[in-house]
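Side chains are part of it too, since the values below use all heavy atoms of this structure and drop only hydrogens, waters and symmetry mates. Lettering follows sequence order; numbering is per chain, from 1.
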Number of protein chains: 2
Amino acid sequence: MEMLTIGKLAKRADVNIETIRYYERRGLIPEPHRRDSGYREYSDETIKRILFIKHAKDLGFSLKEINELLSLKLDPGTSCSEVRQKAEMKLEDIEGKIKNLRKMKKALMELTKVCSGSGPVSECPILEALEK
Amino acid sequence: MEMLTIGKLAKRADVNIETIRYYERRGLIPEPHRRDSGYREYSDETIKRILFIKHAKDLGFSLKEINELLSLKLDPGTSCSEVRQKAEMKLEDIEGKIKNLRKMKKALMELTKVCSGSGPVSECPILEALEK
DNA sequence: CTTGACCCTGTACTTAGGTGCAGGGTTTAT
DNA sequence: ATAAACCCTGCACCTAAGTACAGGGTCAAG
């Protein structure tokens, strides 16, 4: 198995080099083996790890949560239901955000509805509504 | 019209004192009159201004955007349609966020669906899916 | 007239997720 | 052999929207 320098890894996983070092500091990526020169050396495993992080991020997980997910993943004592529970919690989280955004949307739509779009700002019903 | 100290204003508008000074630094609140001692003195107008900011924040506007909204509000040359346009832009912004969250939700639901919830993590389909 | 509550400025810190750079050392290609 | 490209550490910086002091001055009540 050929080893990757951090630059190669960054290209393969499509992330910034600094981001890899940042993930290492955050404990999301294990400390890699080092050459005598101090250069980091990675195996292909690390690409998967970074993809895991990216995908989890896309699903709305924070790096902190991803860390927890990785701990579950690496602990053989973990049951799959624990992972499932995390996913369900995130689902609720996302639903809460959607609900909140829908409330904003509704309020904004009501405001734009009462605004004719003509007339001076001094009589703008949107601005008036925001003040009281 | 009685004048308010910053502490009174903070209570009336239900914000932190530091937040008021922060808004002043950001230009969201005009620099108030000062007593000889240097103490800030506010009129009731400022309560309305802070409420405006809070309400706009609740609708999803950033402080930067609120600043723009306030500029429109204070410029007599502004037409109401410009305000309306800002509201519509924010509406699109919010809709985009909702759409994105719904995508996450869908992906998460699909993942939890394939997970029986039993079995070891080593065979967890959720974790597996995140890796590839 | 003193004590506690209030206010001032200026600065640093917070969360999240990075990015950028200075000042070095190492590898690789020519 | 040398230049370009790469890597190292450690630190500072970024956005957003504040919060938290420290070290001082002021105000109001008893």
Atom CG of A/Asn67 and atom C1' of C/dT15 are separated, to the nearest Å, by 16 Å
In whole Å, what is the span from the CG atom of B/Asp58 to the P atom of D/dA17?
13 Å
Member of B/Met3, B/Glu24, B/Glu45, B/Glu41 meeting the side-chain contact (heavy atoms from CB on, under 4.5 Å) criterion with B/Pro32:
B/Glu24
When you measure from every atom of DNA chain C, which of residues 11-29 of chain B have a heavy atom less than 4.0 Å away?
B/Ile17, B/Arg21
Heavy atoms of A/Gly27 and A/Asn67 approach each other most closely as O-OD1, 3.6 Å
Let me know, please, whether B/Ile53 or A/Glu41 comes out on the 5' side of the other along DNA chain D by nearest nucleotide.
A/Glu41
Minimum heavy-atom distance between B/Gly7 and B/Ile17, given as atom pair plus value
CA-CD1, 3.9 Å
In whole angstrom, give the distance that lies between atom CD1 of B/Ile6 and atom C1' of C/dC8.
10 Å
Expected rows: protein N/O vs nucleotides 27-30 of chain D N/O, under 3.5 Å:
residue	atom	partner	partner atom	Å
D/dC27	OP1	B/Ser37	OG	3.1

Give the intermediate values and the outcome of side-chain contact (heavy atoms from CB on, under 4.5 Å) for residues A/Arg40 and A/Arg34.
CA-CA 5 Å; A/Arg40 289 167 176 82; A/Arg34 302 280 189 136; 3.3 Å; yes
Any side-chain N or O of A/Lys8 under 4.0 Å from OP1/OP2 of D/dA5?
no
Taking atom C1' of C/dC8 as reference, at what distance in whole Å does atom OH of B/Tyr42 sit?
11 Å
Euclidean distance, atom CD of residue B/Glu65 to atom C1' of D/dT15 [Å, nearest integer]:
14 Å
So if I take the C1' atoms of five pairs at each end of the helix from C/dC1-D/dG30 to C/dT30-D/dA1 and get each local axis, what angle do the two axes make, rounded to 10 degrees?
20°
Let me know the distance between CG of B/Leu9 and P of C/dC6, rounded to the nearest Å.
15 Å
Compare all side-chain heavy atoms of A/Leu91 with those of A/Glu95 and state whether any distance is below 4.5 angstrom.
yes
Side-chain donor-acceptor pairs of residues 116-125 of chain A under 3.5 Å, sequence neighbours excluded:
residue	atom	partner	partner atom	Å
A/Ser116	OG	A/Ser118	N	3.1
A/Ser116	OG	A/Ser118	O	3.2
A/Ser116	OG	A/Ser118	OG	3.2

Heavy-atom nearest pair, A/Tyr22 first then A/Leu63, reads CE2-CD1, 3.8 Å
Check whether B/Leu101 and B/Met109 end up in the same hydrophobic cluster, where Ile, Leu, Val, Met, Phe, Trp and Tyr are linked by side-chain heavy atoms less than 4.5 Å apart.
yes
Would you say a side-chain N or O of B/Arg40 is under 4.0 Å from OP1 or OP2 of C/dC6?
no
Let me check something: any side-chain donor-acceptor pairs from residues 46-57 of chain B under 3.5 Å, sequence neighbours excluded? List them with distances.
residue	atom	partner	partner atom	Å
B/Thr46	OG1	B/Ser43	O	3.4
B/Arg49	NH1	B/Leu28	O	2.8
B/Lys54	NZ	B/Ala13	O	3.2
B/Lys54	NZ	B/Asp14	O	3.2
B/His55	NE2	A/Lys132	O	2.7

Reading DNA chain C from 5' onward, which residue's closest nucleotide shows up sooner: A/Ser62 or B/Arg34?
B/Arg34
Once you round it to whole Å, what is the distance between C1' of C/dC7 and NE2 of B/His33?
16 Å
Using the rule given for salt bridge (charged side-chain N to carboxylate O under 4.0 Å, His left out), can you reason through B/Glu18 versus B/Arg21, listing the C-alpha separation, both sets of side-chain angles and the distance that settles it, and then say yes or no?
CA-CA 5 Å; B/Glu18 308 288 345; B/Arg21 288 198 274 248; 3.8 Å; yes
Identify each donor-acceptor pair in which a side-chain atom of residues 78-86 of chain B lies under 3.5 Å from a protein atom, sequence neighbours left out, and give them as a table.
residue	atom	partner	partner atom	Å
B/Thr78	OG1	B/Leu72	O	2.9
B/Thr78	OG1	B/Asp75	O	3.0
B/Ser79	OG	B/Ser81	N	3.0
B/Ser79	OG	B/Ser81	OG	3.0
B/Glu82	OE2	B/Ser79	N	3.2
B/Arg84	NE	B/Glu88	OE2	3.0
B/Arg84	NH1	A/Thr112	O	3.4
B/Arg84	NH1	A/Cys115	O	2.3
B/Arg84	NH2	B/Glu88	OE2	3.4
B/Lys86	NZ	B/Glu68	OE1	2.8

